[in-house]
Amino acid sequence: MLIGLPLLAAVTLARQVAHTRLVQSAAPPPPVRTVAATRAARAPVIDGRDDDPVWREAPAITEFQEWRPTEGGPPKLPTEAKIAYDAGNLYVLVRCLDPHPDSIITVLARRDYFTPSDMVWLFLDSYHDRRTGYEFGVNPSGVKLDAQIYNDGNEDFAWDAVWDVATRRDSLG
């Protein structure tokens with residue numbers, strides 16, 4: 001499955017400080033990971049393909065963790081993503097590899113409906129507060145789900161962003 005998601009936001013992790021003292025926890029904080037976005041001289045076509053020039057230039061992101069069914073677990077299949085931007089948009093290309101692409105379930109449904117199929121999700125913490133943000137998801141059929149996140153993880157699926165997505169299956173997934 002190949003997915004392109006144009007979005008507008010930024011993602012970072014913030015360290016929490018309380019009254020100028022660092023908060024102590026039993027577990028060490030997760031390592032800070034960063035990714036680089038490539039400036040697009042020309043906007044990529046949102047068609048589910050990776051043949052635009054910007055995707056050849058953008059570095060691949062490959063260190064993913066599973067969210068469901070095992071949060072934080074290693075992915076069962078490899079995934080690669082690339083990020084690009086221009087003056088008005090954020091572009092995300094996700095390549096989900098699958099040795100059996102003919103077995104990928106592609107369910108059609110209305111927007112914001114959770115289908116019994118694979119999905120790719122992008123979460124954006126645009127205020128860098130680790131409490132609010134936006135989530136964008138898509139299944140192999142191109143069914144879009146989006147939500148606003150507020151109050152430490154509540155989701156408002158009535159919020160509908162304006163964004164484009166295209167999906168495509170090929171011999172790699």
Side-chain angles (χ1 to χ4, degrees), residues 1-17 29-68 71-72 74-75 77-98 101 104 106 111-112 118-150 153 155-157 159-173:
M1 170 175 60
L2 187 60
I3 301 172
L5 306 170
L7 310 167
L8 181 59
V11 180
T12 66
L13 297 175
R15 181 175 238 172
Q16 297 204 351
V17 177
V32 175
R33 296 183 182 183
T34 60
V35 297
T38 300
R39 179 147 180 86
R42 197 171 56 170
V45 177
I46 308 302
D47 60 1
R49 299 178 186 277
D50 62 355
D51 54 1
D52 292 286
V54 69
W55 301 131
R56 285 190 289 279
E57 299 170 18
I61 304 162
T62 58
E63 294 183 32
F64 290 98
Q65 293 180 345
E66 189 174 80
W67 178 33
R68 288 184 184 156
E71 185 172 349
L77 297 170
T79 300
E80 180 179 288
K82 295 181 178 187
I83 302 174
Y85 69 96
D86 61 20
N89 298 291
L90 179 68
Y91 304 97
V92 179
L93 175 98
V94 180
R95 173 66 122 153
C96 301
L97 302 173
D98 191 324
I104 296 172
T106 58
R111 182 179 183 148
D112 292 334
D118 290 336
M119 294 194 68
V120 171
W121 288 92
L122 176 67
F123 292 83
L124 299 173
D125 179 14
S126 56
Y127 292 108
H128 313 293
D129 63 4
R130 302 180 82 175
R131 297 177 30 172
T132 59
Y134 305 93
E135 59 185 90
F136 301 85
V138 65
N139 80 355
S141 295
V143 175
K144 300 193 298 189
L145 288 93
D146 51 16
Q148 186 176 31
I149 303 168
Y150 64 97
E155 298 168 306
D156 177 6
F157 281 94
W159 177 81
D160 286 327
V162 177
W163 56 293
D164 293 319
V165 65
T167 62
R168 187 173 86 81
R169 281 192 315 181
D170 63 17
S171 63
L172 299 177

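Side chains are part of it too, since the values below use all heavy atoms of this structure and drop only hydrogens, waters and symmetry mates.
- Although no hydrogens or angles enter the test, the distance criterion places no donor-acceptor pair under 3.5 Å between the side chain of R169 and the main chain of P140.
- With hydrogens and angles disregarded, a donor-acceptor distance shorter than 3.5 Å links the side chain of D47 to the backbone of R49.
- With rounding to the nearest 0.5 Å, the separation of CG in L124 from CG in L90 is 7.0 Å.
- Remark: Q148 CD to E155 CD distance equals 11.5 Å, nearest 0.5 Å.
- Two residues are said to be in side-chain contact when any heavy atoms from C-beta on lie closer than 4.5 Å; I149 and F123 meet this criterion.
- Remark: T79 OG1 to L97 CG distance equals 7.0 Å, nearest 0.5 Å.
- The distance between the ring centers of W159 and Y134 falls below 6.0 angstrom.
- A pairwise comparison of heavy atoms in F64 and A81 identifies CZ-CB, 3.6 Å as the closest pair.
- The minimum heavy-atom distance between P101 and S171, with the atom names listed, is CG-O, 3.6 Å.
- Considering only heavy atoms from C-beta on, P78 stays 4.5 Å or farther from T62 through its side chain.
- Although no hydrogens or angles enter the test, the distance criterion places a donor-acceptor pair under 3.5 Å between the side chain of N139 and the main chain of S141.
- Residues W121 and L145 are in side-chain contact: their nearest non-hydrogen atoms beyond the backbone lie under 4.5 Å apart.
- Of all heavy-atom pairs spanning A166 and G48, the tightest one is CB-N, 3.4 Å.
- Not counting sequence neighbours, the partners of D160 by the side chain to side chain contact (heavy atoms under 4.5 Å, CB included) test are R111, D112, D146.
- Between the side chain of D125 and the backbone N or O of R130 there is at least one donor-acceptor pair closer than 3.5 Å.
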**Message:** Checking D170 against R95 for the side-chain contact (heavy atoms from CB on, under 4.5 Å) test, could you report, in this order, the C-alpha distance in whole Å, the side-chain angles of both residues, the deciding distance, and whether it holds?
**Reply:** CA-CA 10 Å; D170 63 17; R95 173 66 122 153; 2.8 Å; yes

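- The distance from the CG atom of N89 to the CD1 atom of I46 is 8.0 Å, given to the nearest 0.5 Å.
- Looking at every heavy atom in both residues, P59 comes nearest to A36 through CG-O, 4.0 Å.
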**Prompt:** Going through the distances and angles, do E135 and F157 end up as a side-chain contact (heavy atoms from CB on, under 4.5 Å)?
**Reply:** CA-CA 9 Å; E135 59 185 90; F157 281 94; 3.9 Å; yes

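- The two residues A84 and V54 make their nearest non-hydrogen contact at CB-CG2, 3.6 Å.
- Here the straight-line distance linking atom NZ of K82 with atom CZ of R56 works out to 9.5 Å at 0.5 Å rounding.
- Heavy-atom minimum distance, A43 versus D86: CB-OD2, 3.8 Å.
- Of the possible polar contacts, one joining the K144 side chain to the W163 backbone as a donor-acceptor pair under 3.5 Å is found.
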* Quick one: do C96 and D118 satisfy side-chain contact (heavy atoms from CB on, under 4.5 Å)? Show the steps, please. => CA-CA 10 Å; C96 301; D118 290 336; over 6 Å; no

